[in-house]
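See below for the structure under consideration.
Positions are given from 1 along the sequence.
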Amino acid sequence: MDSDSVSKPALGRRPQLSEEVASVVRHRIMTAELLPGERVRLDETAAALGVSVTPVREALLTLRGEGMVAFAPHRGYTVADLTRTDVADLFWLQGEAAARIARRTCALVTPSEIDQLAWANANLRGAVMSGDAAAIVEAEFDFHRTHNHISGSGKLAWILQNATRYTPHQLYARDPEWAREALEAHEELINAYRAGDGEAAAGAVRRQFDDGAARLIGHLESTPIWD
């Protein structure tokens, strides 16, 4: 799929616009809407997203630094390889960081904070019932933001947040089976906190990241990315 087929609502003109463009292109790479070796043309991507070339150029520089795209003279930017190992490693890293945070949280969480997590999960359940993908993404983010804040692990939570930028949230938000698994994993986590079981809490968060890895790899296997 070439970059001229990118279809996305026009993005607003905000200071972080290049970050938003990078997020869109990153998502398309992680879901194989853009395949390894395909060119990502600045002008066509800018036109498709309704922005100027400048934030697209800045976004591609960011993605080049992440190893998501490559640059060659006279050819421009092309999508870099994405292997099964890459996907597995990204989710392993997230799962390990989240498990460490969960163990710490178990030793610190208060009953009122557990109630906050239960409320956040109920909010996610409501978003799932509405079928609103954007609301599902926001509610899922809010649950994990609330959770990670409790542990006081600021730097580790920052690393985890940066790692999750490679997670194709919109892909999951449209998957009812993923939503059911996420809600159950959250319930398992909350119950572990109520029981004061740190290892069960770590297992609950790992469950969600393992599921995310399996679903993404399954999706990618249905595309030509590894043919």
Student check: side-chain heavy atoms of V69 and T78 closer than 4.5 Å: no
Ignoring hydrogens and angles, state whether a donor on the side chain of T83 or D86 is under 3.5 Å from an acceptor on the partner side chain. yes
With side chain to side chain donor-acceptor pair (under 3.5 Å) as the test, pick out the partner of E140 among Q208, H169, R145. Q208
On a heavy-atom basis, the closest approach of G67 and A80 is O-CB, 3.3 Å
Run Q161 and N148 through side-chain contact (heavy atoms from CB on, under 4.5 Å) and show every step you take. CA-CA 10 Å; Q161 181 178 344; N148 294 341; over 6 Å; no
Could you report the tightest heavy-atom contact between D81 and P36, atom names first, then the distance? OD1-CB, 3.5 Å
For a 4.5 angstrom cut-off between non-hydrogen side-chain atoms, does R84 reach E221? yes
Residue pair T146 / D142, side-chain heavy-atom distance below 4.5 Å: yes
Does the side chain of T62 reach to within under 4.5 Å of the side chain of S18, using non-hydrogen atoms? no
side-chain contact (heavy atoms from CB on, under 4.5 Å) with A99: which residues, sequence neighbours excluded? R103, A202, V205, R206
Set of residues satisfying salt bridge (Lys or Arg N to Asp or Glu O under 4.0 Å) with respect to R207, sequence neighbours excluded: E181, E184, E188
Kindly give the heavy-atom pair with the smallest separation between A163 and Q94, and that separation in Å. O-NE2, 3.5 Å
Angle between ring planes, F209 versus H144, binned at 30° and 60°: parallel, tilted or perpendicular? tilted
Test item: R165 side-chain N/O and N162 main-chain N/O as donor-acceptor pair under 3.5 Å: yes
Look up atom CG in L63 and atom CD1 in I29, then write down how far apart they are to the nearest 0.5 Å. 5.5 Å
Give the cluster check for L34 versus W226: same hydrophobic cluster or not, with ILVMFWY residues linked at side-chain heavy-atom distances below 4.5 Å. yes
Check: L42 and Y77 side chains under 4.5 Å, non-hydrogen atoms: yes
L90 side chain reached by Y166 side chain, heavy atoms, under 4.5 Å: yes
Side-chain touch L82/M30, heavy atoms, less than 4.5 angstrom: yes
Please determine whether side-chain contact (heavy atoms from CB on, under 4.5 Å) holds for the pair L216 and Y172, giving the CA-CA distance in whole Å, both sets of side-chain angles, and the decisive distance to 0.1 Å. CA-CA 9 Å; L216 181 54; Y172 295 137; 3.5 Å; yes
